Amino acid sequence: MNLAKTYTPNQYEPMTYALWETAEAFAPTGEGRPYGVVMPPPNANGDLHIGHGLDMTLKDILVRHRRMKGDDAIFIPGADHAGFETWVVYEKKLTKEGKNRFDFSREQLYAQVWDFVAARRGDMELQLRALGVGASWQHSVFTLDKKVIDITYQTFEKMWNDDLIYRGERLVNYCTEHQTSFADIEVEHETVKGKLYKIAYPLLENVGEIIVATTRPETMLGDTAIAVHPDDKRYKHLVGSHVQLPLIGREIKIIADSYVDKDFGTGAVKVTPAHDPNDYDMGQRHDLDTIQVIGTDGHMTNEASQFAGLDIATARKRVLAALEASELLRGEEPIEHSVAHCYKCKTVIQPLLMDQWFIRTRPLADKAIERLEAGEIKFYPASKKKEVVNYLKQLRDWNISRQIAWGIPIPAFVNINDSNDWIFDTRVEENTIIVNGTTFKREEDTFDTWFSSGQWPYVVTDALNEGELSRFFPTAVMETGSDLLRQWVSRMIMLSVYRTNQVPFKDVYFHGMVNDEHNQKMSKSKGNVINPMEMVSKYGSDAFRMGIIANRSPAANQAFSPSSVVAGRNFCNKLWNMARYIEGKLGSAYKFQPPKPKTTADHWVISELLSAADRVTAHLDKYRFSEASEVVYQTIWTSVADWYIEASKVDTNPDMLAWVLDTSLKITHPFAPFVTETIWQALPWYSNGTLLTLEKWPKPIDYSEISAGQFEQLQSLIGEIRIVTGNMPGNKKYTLLYGVDTLIADNTELITHLGKLKGAEQSENASGVRLASYSREAWLDIDKSTLDEYSSNLEIRLSETHKEIKRLQERLNTPSYLDRAPEHLVEETRQQLAEKEALVGRLQAEIEVINH
RNA sequence: GGGCGCUUAGCUCAGUUGGCUAGAGCAUCUCGUUUACACCGAGAGGGUCGGGGGUUCGAGUCCCUCAGCGCCCACCA
């Protein structure tokens with residue numbers, strides 16, 4: 001025997017993967033319809049989390065299935081430099097070593113992080129292999145590979161020339177902790193409890209004061225106006241006059257702007273264009289000065305006069321104290337409001353005025369919306385399409401500058417004598433360049449990671465250069481987490497339409513978040529994080545794969561249930577043992593031959609397996625992963641193991657057994673690649689130097705539907721026998737007695753075995769329990785003492801059957817049902833009624849026999 | 001403030017365009033060690049599909065409404 005008693009995954013998985021990899025089994029063949037899937041590149045510096053486990057499994061199932069169906073299939077892997085994410089990790093490391101980013105040049109930092117990531121990248125890739133991800137490793141792309149940078153630069157240049165890029169001073173989201181700006185989407189808004197302070201500003205031309213309300217008193221130092229609503233009667237007469245800015249003494253104007261809400265606070269608002277987006281907009285409208293009082297280090301600037309150098313929190317306290325001392329603080333009240341935070345360190349985001357690079361998104365978004373509305377991409381679930389469109393409709397310009405070293409440098413240089421004179425140039429390794437006699441200095445910032453990742457599908461397939469993999473663009477499907485809908489998917493669509501005039505993928509499937517087993521979000525602080533690699537080493541990769549896709553629907557945040565992984569583990573063992581049984585029956589000298597079905601079970605199992613193969617394909621083509629794996633699980637366990645293998649013990653057909661296992665392995669392979677390949681390799685009549693993963697999906701073979709139907713009749717007879725004898729104590733065995741019945745007569749051994757009977761005999765005058773659900777005559781020779789218990793059971797069945805008959809009759813007596821329901825349903829109802837009526841007859845006869 | 005989604009067996013969830021006795025895994029109970037498998041086999045119990053109303057011949061499925069829960073978006077100082 002080549003197969004051990006129990007399947008121990010850890011023992012086989014690495015070897016099996018090595019076999020695939022050595023054979024380059026996951027490289028595209030160039031034959032068949034191209035089916036390309038790109039991997040959302042995992043962070044090269046990180047470990048895979050449970051979400052990756054789901055994400056990778058889903059894509060791997062699709063690709064393996066399509067490959068077996070004969071497509072030219074490829075799963076293109078990648079690794080992400082994860083700009084900001086990795087930068088944060090590396091900066092922590094520097095801090096631990098007592099250093100900081102200012103100790104090094106940009107080049108030095110870049111080189112250090114490169115080495116840091118290179119050392120870790122292999123771990124992530126090993127973990128992907130452990131999950132059984134069948135990726136074409138020779139085509140792996142790192143997000144800082146030359147070809148990625150080249151295309152990113154091309155796109156930037158094209159946008160520059162198309163006037164889609166601009167550099168400008170704008171209010172950006174800035175994290176003073178990480179000292180970099182963020183795109184709007186990278187900022188988390190959180191409702192916090194704060195205070196609304198009321199501050200009096202003395203009027204200059206008039207007597208009295210005007211009171212404003214603010215949650216950020218320290219920014220008053222940078223106020224350049226007071227705004228009121230133009231229709232506000234309370235203040236109308238003051239518009240155009242001036243107030244004196246407390247603590248600073250600056251004279252500022254009162255302006256009218258319809259942005260102001262008359263009913264909020266005092267109806268008057270201080271305007272700080274340098275530190276608030278709305279104020280910035282008002283500043284633009286009214287041509288106000290911008291005075292920056294908070295610096296990029298999170299401390300007050302020199303503009304803050306006596307508060308200069310203080311951090312924000314201290315400045316706030318001091319400002320409030322100073323106002324109080326001047327008797328200008330007119331109260332405070334608690335308020336709940338939404339505040340932007342850094343998604344990584346939770347520091348409050350400062351809106352700061354900075355020179356940054358922006359993409360004009362409107363033209364890009366509009367084109368993307370056109371394509372989406374034309375239905376060029378199918379969304380699973382469909383509701384997500386609206387979400388993307390809505391997002392694109394309100395999208396504002398995209399800040400792509402990041403003040404970190406770990407990323408793709410922005411290829412732009414500025415004239416050292418004219419800060420508005422920028423040129424595009426890719427010589428980013430130079431600090432300065434001379435063009436036409438003028439010296440230009442390099443931009444220090446790098447690109448937002450999502451600017452390059454947003455180009456991923458056409459970059460990795462070399463679609464712009466008509467490379468080796470360009471036939472896979474647009475890719476077949478993008479499968480990713482619904483959290484990336486805006487951040488990534490929307491940008492891929494925009495950028496792809498812009499660069500290639502094509503949508504980047506035909507389908508998008510979103511999976512949801514994987515929560516813990518009590519449906520709580522996994523988090524380090526809660527301590528409920530489940531590590532996929534631990535699950536893999538405990539239960540096996542296949543078990544994990546089957547467990548994590550079970551009972552899951554698209555885009556829903558759902559619990560991870562370890563019991564499903566246990567079920568997956570048990571399933572793998574079941575399959576393994578089925579193979580062991582068949583191995584024992586066939587022997588190692590067996591030569592594979594096309595099967596000739598003989599028994600009813602043979603015909604039936606062919607029909608079951610072929611139907612399962614079709615249903616799996618139909619489900620997977622619609623991304624119904626749970627349903628597809630459910631078909632495999634039930635077919636293998638119930639139809640094949642419980643029915644067919646048991647039946648085959650009575651009448652063994654070696655070629656059938658070999659075909660049944662062959663087909664079972666094939667339909668299971670996309671879901672549980674390791675155990676199926678391991679079995680395939682262990683059985684010489686299959687492997688013979690081949691790989692299961694490169695085998696084709698099962699093809700139909702001939703069988704008789706009539707014979708298959710006869711097996712179903714036998715199943716219902718056996719089912720009835722089991723119902724009668726199922727819960728009876730002891731080992732007493734009964735004999736089946738039957739009338740003239742060739743089906744039973746031809747299958748007495750089968751019925752005896754599966755029904756655990758003493759035997760089956762033909763009898764003219766049978767007595768005992770008549771098996772009511774079998775349409776012809778069959779009895780069990782049950783003795784009087786057990787009959788009584790059974791007869792109460794019969795009464796229940798009789799009354800239930802009467803109820804069903806009543807229901808069916810009511811339906812058939814409803815004229816509108818007969819008129820409006822489809823013909824075949826009405827016919828079905830009639831047949832059911834006839835069957836139930838016949839059953840009632842048999843049940844009544846049985847009860848009479850027992851009672852006499 | 002806006003948008004989306006969820007509520008089905010003790011637990012975690014399926015249920016494809018409305019079709020008739022609502023399914024799975026795990027858990028529970030009974031019986032069973034038949035030489036592939038106790039990570040097993042056979043059988044059983046358990047749900048008025050969150051409440052209410054409507055459309056329809058027919059509703060877990062479509063519509064309205066109420067209640068509870070969750071997620072996402074958002075520049076009210």
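What you see is a predicted model; the values in this text were computed from it and never measured. Within every chain, numbering begins at 1; the chains are lettered A, B, ... in the order of the sequence lines, protein sequences first and strands thereafter.
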Taking the same atom, [atom1], in [N] and in [M], what whole-Å distance lies between them?
N     : M     : atom1 : value
B:U21 : B:A27 : P     : 31 Å
B:G68 : B:G60 : P     : 25 Å
B:U48 : B:A9  : P     : 9 Å
B:C49 : B:G19 : P     : 16 Å
B:C69 : B:G50 : C1'   : 11 Å
B:G51 : B:A67 : P     : 16 Å
B:U55 : B:G15 : C1'   : 22 Å
B:G46 : B:G53 : C1'   : 30 Å

So, OP1 or OP2 of [N]: does either fall under 4.0 Å of a side-chain N or O from [X]?
X        : N     : value
A:Trp637 : B:C37 : no
A:Lys5   : B:C39 : no
A:Asn577 : B:C40 : no

Tell me what [X] touches on the nucleic acid: a base, only sugar-phosphate, or nothing, going by heavy atoms under 4.0 Å.
X        : result
A:Lys622 : nothing
A:Lys649 : base
A:Glu804 : base
A:Pro822 : base
A:Thr6   : base
A:Ala555 : nothing

For [X], which residues count as a salt bridge (Lys or Arg N to Asp or Glu O under 4.0 Å) partner, sequence neighbours excluded?
X        : value
A:Lys836 : A:Glu804
A:Glu835 : none
A:Asp662 : A:Lys666

Item to check | Partner residues of A:Thr678 under the side chain to side chain donor-acceptor pair (under 3.5 Å) criterion, sequence neighbours left out | outcome: A:Thr16
Checklist entry - Once each nucleotide of nucleotides 72-77 of chain B is scored for protein heavy atoms under 4.0 Å, what B/S/- sequence comes out, 5' to 3'? => result SSSBBB
Next on the checklist: One character per nucleotide, please: for nucleotides 9-17 of chain B, 5' to 3', B when the base has a protein heavy atom closer than 4.0 Å, S when only the sugar-phosphate does, - otherwise.
Outcome noted: ---BBSSB-
Checklist entry - Who pairs with A:Phe674 by ring-ring contact (aromatic ring centres under 6.0 Å, His included), at least two apart in sequence or on another chain? => result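 Once residues adjacent in sequence are excluded, the partners of A:Phe674 under the ring-ring contact (aromatic ring centres under 6.0 Å, His included) criterion are A:Trp20.
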Next on the checklist: Which residues pass the ring-ring contact (aromatic ring centres under 6.0 Å, His included) test with A:Tyr633, not counting sequence neighbours?
Outcome noted: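 Expected list: A:Phe571, A:Trp637.
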Next on the checklist: Apply salt bridge (charged side-chain N to carboxylate O under 4.0 Å, His left out) to residues A:Glu646 and A:Lys649 and explain how you reach the verdict.
Outcome noted: CA-CA 5 Å; A:Glu646 285 310 313; A:Lys649 287 176 181 172; 2.9 Å; yes
Starting at [atom1] of [X] and ending at [atom2] of [N], how long is that distance when rounded to a whole Å?
X        : N     : atom1 : atom2 : result
A:Trp643 : B:C40 : CH2   : P     : 19 Å
A:Lys733 : B:G32 : NZ    : P     : 13 Å
A:Lys585 : B:C37 : NZ    : C1'   : 15 Å
A:His753 : B:U35 : NE2   : P     : 10 Å
A:His824 : B:G58 : NE2   : P     : 17 Å
A:Glu583 : B:U35 : CD    : P     : 19 Å
A:Lys574 : B:G25 : NZ    : C1'   : 16 Å
A:Tyr539 : B:G25 : OH    : P     : 17 Å

Check: residues 255-276 of chain A side-chain donor-acceptor pairs under 3.5 Å, at least two apart:
| from | atom 1 | to | atom 2 | distance (Å) |
| --- | --- | --- | --- | --- |
| A:Asp257 | OD1 | A:Tyr259 | N | 2.8 |
| A:Asp257 | OD1 | A:Arg285 | NH2 | 3.2 |
| A:Asp257 | OD2 | A:Arg285 | NE | 2.9 |
| A:Asp257 | OD2 | A:Arg285 | NH2 | 3.4 |
| A:Asp257 | OD2 | A:His286 | NE2 | 2.8 |
| A:Tyr259 | OH | A:Asn278 | ND2 | 3.1 |
| A:Asp261 | OD1 | A:Asp263 | N | 2.9 |
| A:Thr266 | OG1 | A:Ile211 | O | 2.5 |
| A:Thr266 | OG1 | A:Ala268 | N | 3.3 |
| A:Thr266 | OG1 | A:Ala268 | O | 3.4 |
| A:Lys270 | NZ | A:Thr219 | OG1 | 2.7 |
| A:Lys270 | NZ | A:Asp223 | OD1 | 3.0 |
| A:Lys270 | NZ | A:Thr272 | OG1 | 2.9 |
| A:Thr272 | OG1 | A:Asp223 | OD1 | 2.7 |
| A:His275 | ND1 | A:Pro351 | O | 3.4 |
| A:His275 | NE2 | A:Val293 | N | 3.0 |
| A:His275 | NE2 | A:Ile294 | N | 3.2 |
| A:Asp276 | OD1 | A:Asn278 | N | 2.8 |
| A:Asp276 | OD1 | A:Asp279 | N | 3.1 |

Checklist entry - Is a donor on one side and an acceptor on the other found under 3.5 Å between the side chain of A:Arg330 and the backbone of A:Lys198? => result no
Item to check | Min side-chain heavy-atom separation A:Tyr539-A:Val566 under 4.5 Å | outcome: yes
Next on the checklist: For a 4.5 angstrom cut-off between non-hydrogen side-chain atoms, does A:Leu320 reach A:Glu332?
Outcome noted: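 A:Leu320 vs A:Glu332: side chains apart.
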Checklist entry - Looking at the side chain of A:Ala567, which of B:A42, B:C40, B:G25 is the nearest nucleotide? => result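 It is B:G25.
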Item to check | A:Asn577: side-chain contact (heavy atoms from CB on, under 4.5 Å) partners, not counting sequence neighbours | outcome: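 In terms of side-chain contact (heavy atoms from CB on, under 4.5 Å), with neighbours along the sequence ignored, A:Asn577 is linked to A:Asn573, A:Arg580.
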Checklist entry - Taking only residues two or more places apart in sequence or in another chain, which ones pass side-chain contact (heavy atoms from CB on, under 4.5 Å) with A:Glu387? => result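 Residues passing side-chain contact (heavy atoms from CB on, under 4.5 Å) with A:Glu387: A:Lys384, A:Leu485, A:Arg486.
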Next on the checklist: In terms of relative ring orientation, are A:Tyr623 and A:Tyr509 parallel, tilted or perpendicular, with 30° and 60° separating the classes?
Outcome noted: tilted
Checklist outcome for this item: Per the 3.5 Å Watson-Crick/G-U criterion and a run length of at least three, the stems involving RNA chain B are B:1-7 with B:67-73, B:10-13 with B:23-26, B:28-32 with B:40-44, B:50-54 with B:62-66
Item to check | 5' priority, RNA chain B, between A:Glu828 and A:Asn390 [closest heavy atom] | outcome: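 Closest to the 5' end, via its nearest nucleotide, is A:Asn390.
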Next on the checklist: Closest-nucleotide mapping onto RNA chain B: is A:Lys836 or A:Lys386 further toward the 5' terminus? I mean the 5' end.
Outcome noted: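 Nearest nucleotide further toward 5': that of A:Lys386.
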